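Structure record follows, encoded as structure tokens.
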2 protein chains.
Amino acid sequence: MSNINDVARLAQVSKATVSRVLSGSRGVKEESRLAVLRAAEILNYKPNAIAQSLSCQSTNCIGVICATEHIQQSTGYLQALEKQLSQQHKHLLLRFANDGKSVMHAIQELSNGMCDALVVVGARFPLPELSEDIVLIDCLNPANANSVQCDRIFAAETAVHYLCSQQRRNIALINFPGGEAATLTMDGYRQALHNYVVPFNRQLVIENEPSLRIALQKLINSGVKFTALLVTDDSQAQEAVMMLNQYQLTVPEKVMVFSLDGSTRLPGANTVPAIEYPLENIARRAVELLSGERHNSDLVRGSLLIA
Amino acid sequence: MSNINDVARLAQVSKATVSRVLSGSRGVKEESRLAVLRAAEILNYKPNAIAQSLSCQSTNCIGVICATEHIQQSTGYLQALEKQLSQQHKHLLLRFANDGKSVMHAIQELSNGMCDALVVVGARFPLPELSEDIVLIDCLNPANANSVQCDRIFAAETAVHYLCSQQRRNIALINFPGGEAATLTMDGYRQALHNYVVPFNRQLVIENEPSLRIALQKLINSGVKFTALLVTDDSQAQEAVMMLNQYQLTVPEKVMVFSLDGSTRLPGANTVPAIEYPLENIARRAVELLSGERHNSDLVRGSLLIA
DNA sequence: CTGTTAGCGCATTCAC
DNA sequence: GTGAATGCGCTAACAG
């Protein structure tokens with residue numbers, strides 16, 4: 001691979017001039033500019049990114065630590081993020097992690113000057129206190145200032161409103177296993193019920209249950225009547241639909257299933273109504289936070305998506 | 001962030017010694033070794049990866065260009081690759097691409113010294129001739145020497161054998177839209193039919209049809225009777241199942257659907273029988289190719305997976 | 001407008 | 001065993 005010296009020599013100018021030309025800075029005689037460009041063309045020269053990084057004290061890499069638990073969701077974020085980043089000529093350094101410990105491990109390994117910033121995506125498990133300059137997307141951890149969160153209250157409200165409009169008033173909820181997201185979802189759920197003057201029935205809500213199957217079993221076993229079921233995401237919805245069918249609780253006739261996060265669903269997937277978050281917006285906001293353009297926690301609202 | 005000079009000063013040794021200690025090379029007095037380690041600990045020193053890369057002429061980054069068309073499949077590869085790479089203390093630089101042109105574009109942008117090697121994953125579209133040192137995983141392009149391919153012949157044979165064993169002898173095939181993969185799949189299909197003394201019926205095979213819906217429509221319209229349907233992957237299978245159900249062709253009673261690539265399916269997904277490829281093996285082989293340990297095209301066989 | 005110089009942080013000679 | 005010196009390829013400050 002040719003380097004800046006080769007180009008300088010061939011173009012009969014100094015390294016500095018080559019650098020100036022290729023970095024786009026003004027103040028170079030047109031003649032030498034062309035000479036440099038021609039030489040670079042001939043030698044198929046590309047400035048070495050590593051050397052640039054060392055010199056500028058800034059790699060253009062963003063480390064992205066992606067939770068694997070809800071991988072089909074995270075992949076959507078990943079694509080959206082990559083799109084935003086590559087538009088800004090930044091690179092995405094990917095790590096997967098499935099619990100708090102491995103997230104920390106990944107952070108350690110990426111904190112050696114290789115990345116300009118870090119993002120954690122989709123960690124629905126408790127995270128230890130992280131450095132303030134790490135951006136969180138759709139994670140449980142609420143304390144961090146730099147994060148993009150889904151507006152869970154709004155989502156739950158929207159869901160309940162929709163279901164009530166469909167004459168489903170016995171709405172069950174299998175909530176997040178815990179954390180801020182669970183609380184907020186519950187808030188929106190209760191608030192919306194209140195608006196529709198539907199009495200709140202604690203039996204309809206299953207909380208702190210990590211497994212959907214067990215949660216749903218619990219709900220069914222309790223014997224409480226429900227005509228709609230709110231679950232936290234599409235994979236949960238899919239499992240719920242299959243399980244309900246096994247109990248002759250046909251979907252959507254007897255029970256309408258609603259997914260509180262139906263972003264990034266596949267085209268062919270059997271669709272239940274859902275809240276869809278604007279992945280592009282989320283990614284864009286995250287990248288803004290990374291660039292330090294803003295410094296607060298962002299709340300993103302999703303929209304109702306009907307099959 | 002502290003640098004090597006800080007550590008050297010605190011440990012009362014020279015930079016060279018610090019470097020030696022942290023690079024693990026022998027030939028350092030135990031006393032100074034401990035001094036260095038202690039100093040590094042105190043200063044929370046981490047060798048700067050960029051500087052190391054520049055000095056060693058080797059970043060530890062592998063560029064991975066991932067096709068988005070069959071993203072749910074590619075994600076599996078991505079996870080497997082990341083696992084293998086991180087085990088070798090290598091980093092994964094991710095780009096997405098959805099056609100030959102954007103693959104080339106990504107390759108250009110990653111060829112600036114930032115990566116030690118490149119991988120293209122899941123490109124089911126024709127690729128231009130690529131540099132020999134790029135590793136292809138599950139791509140259509142057959143000419144390249146460095147690639148890991150799925151054994152399509154074996155897969156089709158296995159599928160047909162299984163279906164025949166289930167008394168399904170009228171086996172339709174909606175093949176890949178084209179390329180080597182289509183030819184090989186066809187070969188395996190015909191070979192297996194031959195073994196079972198089932199006459200080959202051209203009407204049962206749909207080729208060169210990019211859209212599954214249209215392909216399946218074509219098959220149904222032709223009026224030919226089929227009791228089994230081979231499709232190329234899980235997303236196709238899912239669409240096919242839905243569409244068949246709409247035609248009262250219940251699955252699996254009337255038509256048994258079989259996915260020729262059912263790797264990386266989600267736990268709750270409605271499952272049809274499929275060929276499952278060993279993602280870990282594939283990733284491992286790819287990484288071996290990257291390291292230049294071998295230089296041939298690798299063929300990986302999948303195994304039968306029954307729901 | 002342009003060339004010279006001095007780093008960026010580290011690994012790697014080569015003497016001692 | 002160890003330290004001083006050199007260079008990886010580039011950018012930026014400065015002087016002309």
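Computed from a predicted model, the values in this text were never measured in an experiment. The sequence lines fix the lettering, A, B, ..., with proteins before strands; numbering per chain opens at 1.
In this structure, B:Gln87 places its CD atom where more than 12 heavy-atom neighbours from other residues, nucleotides or ligands lie under 6.0 Å away.
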N/O contacts under 3.5 Å, protein versus nucleotides 10-13 of chain C?
unit_1, atom_1, unit_2, atom_2, d
C:dC10, OP1, B:Tyr45, OH, 2.6
C:dC10, OP1, B:Asn48, N, 2.9
C:dC10, OP2, B:Ile4, N, 2.4
C:dC10, O2, B:Ser55, OG, 3.3
C:dC10, N4, B:Lys15, NZ, 3.1
C:dA11, OP1, B:Gln52, NE2, 2.7
C:dA11, OP2, B:Ser19, OG, 2.6
C:dA11, O4', B:Ser55, OG, 2.7

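In this structure, a donor-acceptor pair under 3.5 Å is present between the side chains of A:Tyr77 and A:Asp138. Using modelled atom types and a 3.5 Å distance limit, the side chains of A:His89 and A:Asn60 yield no donor-acceptor pair.
Direction of the helix axis in the helix from C:dC1-D:dG16 to C:dC16-D:dG1 shifts by 40° between the two five-pair termini, rounded to 10°.
Note: A:Cys61 SG to A:Leu92 CG = 9.0 Å, rounded to the nearest 0.5 Å.
B:Asp6 places its CG atom 9 Å from the P atom of C:dG9, with the value rounded to the nearest Å.
We find that A:Arg284 and A:Glu288 are not joined by a salt bridge, their nearest charged nitrogen and carboxylate oxygen being 4.0 Å or further apart. Between B:Glu280 and B:Lys83, at least one side-chain N (NZ, or NE/NH1/NH2) sits under 4.0 Å from a carboxylate O, which counts as a salt bridge.
Taking all atoms of both residues into account, the shortest heavy-atom contact from B:Ala117 to B:Leu290 is CB-CD2, 3.5 Å.
Heavy-atom distances to DNA chain D give each of B:Ser14 and B:Gln57 a nearest nucleotide, and the one nearer the 5′ end belongs to B:Ser14. Residue order along DNA chain D, read from the 5' end via each residue's closest nucleotide, puts B:Thr17 first among A:Met1 and B:Thr17.
Partners of B:Cys115 by side chain to side chain contact (heavy atoms under 4.5 Å, CB included), not counting sequence neighbours, listed by chain and number: B:Leu93, B:Leu110, B:Leu118. Applying the side chain to side chain contact (heavy atoms under 4.5 Å, CB included) criterion to B:Leu34, with sequence neighbours excluded, gives B:Glu30.
Nucleotides of DNA chain D lying under 4.0 Å from heavy atoms of chain B occupy a range whose first and last members, 5' to 3', are D:dG1 to D:dG9.
The side chain to side chain donor-acceptor pair (under 3.5 Å) analysis of residues 105-115 of chain B, with sequence neighbours excluded, yields the pairs B:Arg95-B:Glu109, B:His105-B:Glu109.
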